[in-house]
Amino acid sequence: MSTFPPPPTAARSPLARVRLDDLAPFDGASTPAYARAVEAIAASLTRHGAAAVDLPAADAAVVRCALESARAFFRARPGLYVYRAGRALDDGELSPACMADAFRCLGKAARAALCAIARNLRLRSDAFSHLLDDNPLPLDEVSASELTVSFSHGHPQSSQAPMVGLRSSMAEVDRGFVTLVASDHPGIEVCNPNGHWYPADAGSSPDVLLLLTGRALSHVTAGLQLNSQYRITNNENRASLMFRLMPRVNAILDCSPISAAGHCIPQIHRPISASQFMDDLRAEENVYHHSEAPLESQGNFVNEPSLRSVLSDPLSGAFLEDAMVLSCGHSFGGLMLKKVLETARCSICNGEVDEASLFPNLALRAVATVVKMEDDRRLFHNAALRKRRKEVTEHMDAQRRSGSSKDSIELGLDAESPRAFKGVQYPFVAGERVVIMGNKRTPDKFVGKEAVVTSQCLNGWYLVKAVDSGESIRLQYRSLRKAGELKVQALLQSRQ
């Protein structure tokens with residue numbers, strides 16, 4: 001007998017529901033059903049920040065199987081597992097059943113939704129396909145997209161902190177192109193463009209996917225497609241699948257398709273590599289999640305301008321190192337200042353501008369200069385770090401191909417200089433099980449405990465969650481070991 005609860009009938013979602021069979025691209029002339037589906041998806045994303053996709057019977061059965069598998073896999077305690085196609089399981093690592101089938105079903109639906117969004121923007125339906133992983137994946141390649149399966153008992157009286165992907169009442173915006181959510185119990189609210197939060201999956205079932213858009217899509221569409229802002233409001237006895245369609249690591253995110261279609265491209269949407277784009281978002285999220293701002297301000301974080309955008313010319317994207325103050329009090333620089341002088345009108349308050357009354361804004365110029373220096377330093381550091389990681393990875397691969405054992409590889413890394421060893425700062429991924437080895441500053445209650453990596457921070461730090469207690473702690477990579485490695489070491493010691 002199925003364990004899925006019946007969908008509530010009191011609440012109804014305002015989202016448009018589109019059949020995946022109508023939304024999927026196909027060869028031949030466009031049909032009225034496809035045109036209506038594309039229009040409905042676009043209208044729902046514009047008005048409500050989300051949309052709903054009805055799965056065909058075969059795909060719905062796979063999703064239901066995956067949700068049942070999540071409940072069975074995390075029967076003893078709440079948990080989270082991240083599945084990436086092509087990634088080999090470590091020794092002793094277990095995975096919920098049906099993940100490969102669910103990954104294929106949700107990946108197909110996510111690509112169809114992305115094609116519909118491109119078609120609505122008057123682009124080719126495959127305008128963004130070159131930014132995605134090859135379909136299917138080549139041998140020995142791991143997908144950039146990911147499927148997060150989670151389950152939380154989530155009792156109100158529980159003192160356990162929520163896990164990544166299950167953070168209750170915290171506003172979230174995904175980094176990728178589109179996100180599809182399937183769950184066996186409602187519990188997601190979405191913020192519409194007017195700032196109103198509403199239950200997006202009320203009255204839905206596991207057969208209906210919630211469609212959300214991410215920051216990468218907003219960047220490649222030059223802001224024409226807004227981000228979807230959502231939050232988890234109910235974790236009680238809820239299993240969920242979240243498929244994130246991500247750009248491949250070596251892709252270049254630019255707005256060339258949008259520009260070719262005749263849209264205006266602001267300079268702030270400059271071409272950027274996918275790896276650099278994700279690094280910038282991680283740094284921004286780390287600053288946000290570690291800030292002590294109240295929840296009210298956190299809910300509007302995505303809609304607020306960033307410091308870089310405030311200190312940049314909106315037309316050219318250059319820092320305001322030549323900022324001038326008008327008589328009305330507003331400051332401009334770069335191409336916008338030139339435009340203001342040509343029209344003799346302030347573009348903000350429409351007040352008259354007397355060129356003789358302008359004077360330099362020294363404080364704004366100093367701040368813009370400092371932020372530019374920090375921005376350049378961070379970009380250089382990230383580029384050097386990625387280069388060093390690549391060199392160490394190639395060195396390890398060469399040793400493996402030459403027949404070196406795993407132990408000799410580790411000894412070789414330890415024998416390198418401290419500067420070389422600092423390149424290996426991210427040996428773990430989100431969702432990976434580790435054992436907390438600790439150091440002098442680690443509380444004793446965490447030492448020796450098994451944990452799950454929830455997020456990656458800067459400079460080799462990780463946020464992990466203890467499996468037994470559910471408590472979270474921030475540790476550096478040197479204080480963590482893979483659970484599988486310790487099991488192998490213990491087995492070798494027992495044989496000696």
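Just so it is clear, the structure is predicted and the values come from calculations on it, not from any experiment.
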Please report the closest heavy-atom contact between A70 and V149, naming both atoms and the distance.
-> CB-CG2, 3.3 Å
Counting N and O atoms only, with roles assigned by atom type, does the side chain of T221 sit under 3.5 Å from a partner on the main chain of L217, one being a donor and the other an acceptor?
-> yes
Is the backbone N or O of F428 less than 3.5 Å from a side-chain atom of Y462, with the two atoms forming a donor-acceptor pair by type?
-> yes
From OH (Y198) to CD (E189), nearest 0.5 Å = 10.0 Å
Run the salt-bridge test on R248 and D134 with the 4.0 Å N-O cut-off and return the result as yes or no.
-> no
Let me see the working for V181 and I188 under side chain to side chain contact (heavy atoms under 4.5 Å, CB included), right down to the final yes or no.
-> CA-CA 9 Å; V181 184; I188 293 183; 3.5 Å; yes
If you draw a 6.0 Å radius around CD in E321, do more than 12 non-hydrogen atoms from other residues or ligands fall strictly inside?
-> yes
Please round to the nearest 0.5 Å and tell me the distance separating atom CG of L245 and atom CG of D174.
-> 11.0 Å
Check: R104 and P136 side chains under 4.5 Å, non-hydrogen atoms | no
Can you find a heavy atom in the side chain of F103 that is under 4.5 Å from one in the side chain of S145?
-> yes
For the residue pair I117 and F177, establish whether any side-chain heavy-atom pair is separated by less than 4.5 Å.
-> no
What distance separates D280 CG from M278 CE, expressed to the nearest 0.5 Å?
-> 10.5 Å
Does the side chain to side chain contact (heavy atoms under 4.5 Å, CB included) test come out yes or no for V62 and L106, once each step is laid out?
-> CA-CA 10 Å; V62 172; L106 297 181; over 6 Å; no
Got a donor-acceptor contact below 3.5 angstrom from the D133 side chain to the S143 backbone?
-> no
Distance (rounded to the nearest 0.5 Å) between D59 CG and D54 CG = 12.0 Å
Does any N or O in the side chain of Q276 come within less than 3.5 Å of the main-chain N or O of S273, such that one atom is a donor and the other an acceptor?
-> no
Donor-acceptor under 3.5 Å (T369 side chain, R365 main chain) | yes
L253 vs P247 side-chain heavy atoms within contact, under 4.5 Å = yes
Note, Y81 side chain near L94 side chain (heavy atom, < 4.5 Å) = no
Polar side-chain atom of T179 near backbone of R244 as donor-acceptor pair, under 3.5 Å | no
A274 versus V249, closest heavy-atom pair with distance = CB-O, 3.7 Å
Can you measure from OG1 (T31) to CZ (F26) and round to the nearest 0.5 angstrom?
-> 4.0 Å
Does R124 CZ have over 12 foreign heavy atoms under 6.0 Å away?
-> no
Residues L80 and V452: closest non-hydrogen pair is O-CG1, 4.4 Å
Residue pair S331 / N361: nearest heavy atoms and the distance that separates them | OG-ND2, 2.8 Å
Got more than 12 heavy atoms from elsewhere within 6.0 Å of CG, N250?
-> yes
Would you find a donor on one side and an acceptor on the other, under 3.5 Å apart, between the side chain of N192 and the backbone of N194?
-> yes
Where does the angle between the aromatic ring planes of H219 and F277 fall among parallel (under 30°), tilted (30 to 60°) and perpendicular (over 60°)?
-> tilted
Taking S228 for its side chain and G49 for its backbone only, find out whether a donor-acceptor pair lies under 3.5 Å.
-> yes
Indicate yes or no: at least one non-hydrogen side-chain atom of L241 is less than 4.5 angstrom from one of L147.
-> yes
Does R238 use its side chain to pair, donor to acceptor, with the backbone of H185 at less than 3.5 Å?
-> yes
Main-chain N/O of A42 paired to T46 side chain as donor or acceptor, under 3.5 Å | yes
One should read off an interatomic distance between S95 OG and R87 CZ, to the nearest 0.5 angstrom, of 8.0 Å
Report yes if the side chains of Q225 and L45 come closer than 4.5 Å at any heavy-atom pair, otherwise no.
-> yes
Between A50 and L15, which heavy-atom pair has the shortest distance, and what is it?
-> O-CD2, 3.4 Å
Which is it for L20 and L209 under the side chain to side chain contact (heavy atoms under 4.5 Å, CB included) test, yes or no, and what are the steps along the way?
-> CA-CA 10 Å; L20 179 59; L209 304 179; over 6 Å; no
Are the side chains of D201 and S183 in touch, meaning some heavy atoms are under 4.5 Å apart?
-> yes
Heavy-atom closest contact (V53 atom, L211 atom, distance) = CG2-CB, 4.4 Å
Would D207 and V63 count as a side chain to side chain contact (heavy atoms under 4.5 Å, CB included) if you check the C-alpha gap in whole Å, the side-chain angles of each, and the deciding distance to 0.1 Å?
-> CA-CA 7 Å; D207 304 343; V63 171; over 6 Å; no
